[in-house]
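Working notes, structure below.
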Amino acid sequence: MPSPISAQDLYDHLVREFAKVRSDKCRTCTVPKPFWGPSAGNGTGYWYMEPGTQCPHGCRQLIAQIWAKATTDYDITNVTRVAIVG
């Protein structure tokens, strides 16, 4: 079962993990903040994260891998922002 974690603690974790693996050649990419929004179809919510910008050093892919692992390792326990889709 995934460990509970707050949205802010998860974001801090993502930033730390990205700092460990990012290329020494890139100092411009940052980890986007996760946000809460509606899921398709069933009316419940879901955590999302923007994919980030394309980077010749592979930062976008690294961030996506860290995010994928974090969402299986942790259960995000609080909502920090609600996206409203009209």
Side-chain angles (χ1 to χ4, degrees):
M1 173 164 268
S3 300
I5 192 169
S6 73
Q8 183 60 51
D9 288 344
L10 177 64
Y11 177 69
D12 294 343
H13 168 77
L14 296 170
V15 170
R16 282 191 306 273
E17 292 301 307
F18 180 56
K20 292 178 187 177
V21 297
R22 75 184 302 164
S23 171
D24 291 337
K25 296 177 184 176
C26 182
R27 290 292 163 212
T28 58
C29 291
T30 59
V31 176
K33 276 202 163 200
F35 62 94
W36 182 259
S39 62
N42 63 4
T44 62
Y46 193 78
W47 283 96
Y48 296 91
M49 188 168 71
E50 294 293 327
T53 59
Q54 287 287 13
C55 172
H57 308 291
C59 292
R60 183 178 184 167
Q61 292 81 4
L62 290 172
I63 292 169
Q65 290 170 0
I66 296 165
W67 170 249
K69 181 167 179 6
T71 58
T72 60
D73 290 349
Y74 299 103
D75 179 23
I76 307 169
T77 60
N78 66 338
V79 176
T80 57
R81 185 186 318 166
V82 175
I84 299 173
V85 178

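For clarity, every value in this text was computed on a predicted model and none was experimentally measured. Atom set for the values below is all heavy atoms of this structure, side chains included, hydrogens, waters and symmetry mates excluded.
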message: Using side-chain heavy atoms (C-beta onward) and a distance below 4.5 Å, is W67 in contact with P34?
response: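 A side-chain contact under 4.5 Å exists here.
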Pairwise distance [atom1]([X]) to [atom2]([Y]) - rounded to 0.5 angstrom:
X   : Y   : atom1 : atom2 : result
Q54 : Q61 : CD    : CD    : 6.0 Å
K33 : Q8  : NZ    : CD    : 4.0 Å
L10 : D75 : CG    : CG    : 10.5 Å
T28 : R22 : OG1   : CZ    : 7.0 Å
E17 : Q65 : CD    : CD    : 12.0 Å

task: Show your reasoning for whether side chain to side chain contact (heavy atoms under 4.5 Å, CB included) applies to M49 and I63.
output: CA-CA 10 Å; M49 188 168 71; I63 292 169; 3.5 Å; yes
Nearest heavy atoms of [X] and [Y], plus distance in Å:
X   : Y   : value
T71 : A68 : OG1-O, 3.0 Å
I66 : L14 : CG2-CD2, 3.6 Å
C29 : T53 : SG-OG1, 4.4 Å

- prompt: Mind checking what makes side chain to side chain donor-acceptor pair (under 3.5 Å) contact with K25, not counting sequence neighbours?
  reply: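 Expected list: none.
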- request: Identify, with sequence neighbours excluded, every residue that meets ring-ring contact (aromatic ring centres under 6.0 Å, His included) alongside H57.
  value: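 Not a single residue meets the ring-ring contact (aromatic ring centres under 6.0 Å, His included) criterion with H57.
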query: In chain order, what residues pass the ring-ring contact (aromatic ring centres under 6.0 Å, His included) check against Y11, with sequence neighbours excluded?
result: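 So Y11 forms no ring-ring contact (aromatic ring centres under 6.0 Å, His included) with any residue.
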task: Give the ring-plane orientation class for F35 versus Y48, where under 30° counts as parallel, over 60° as perpendicular and anything between as tilted.
output: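 Rings of F35 and Y48: parallel, as their planes differ by under 30°.
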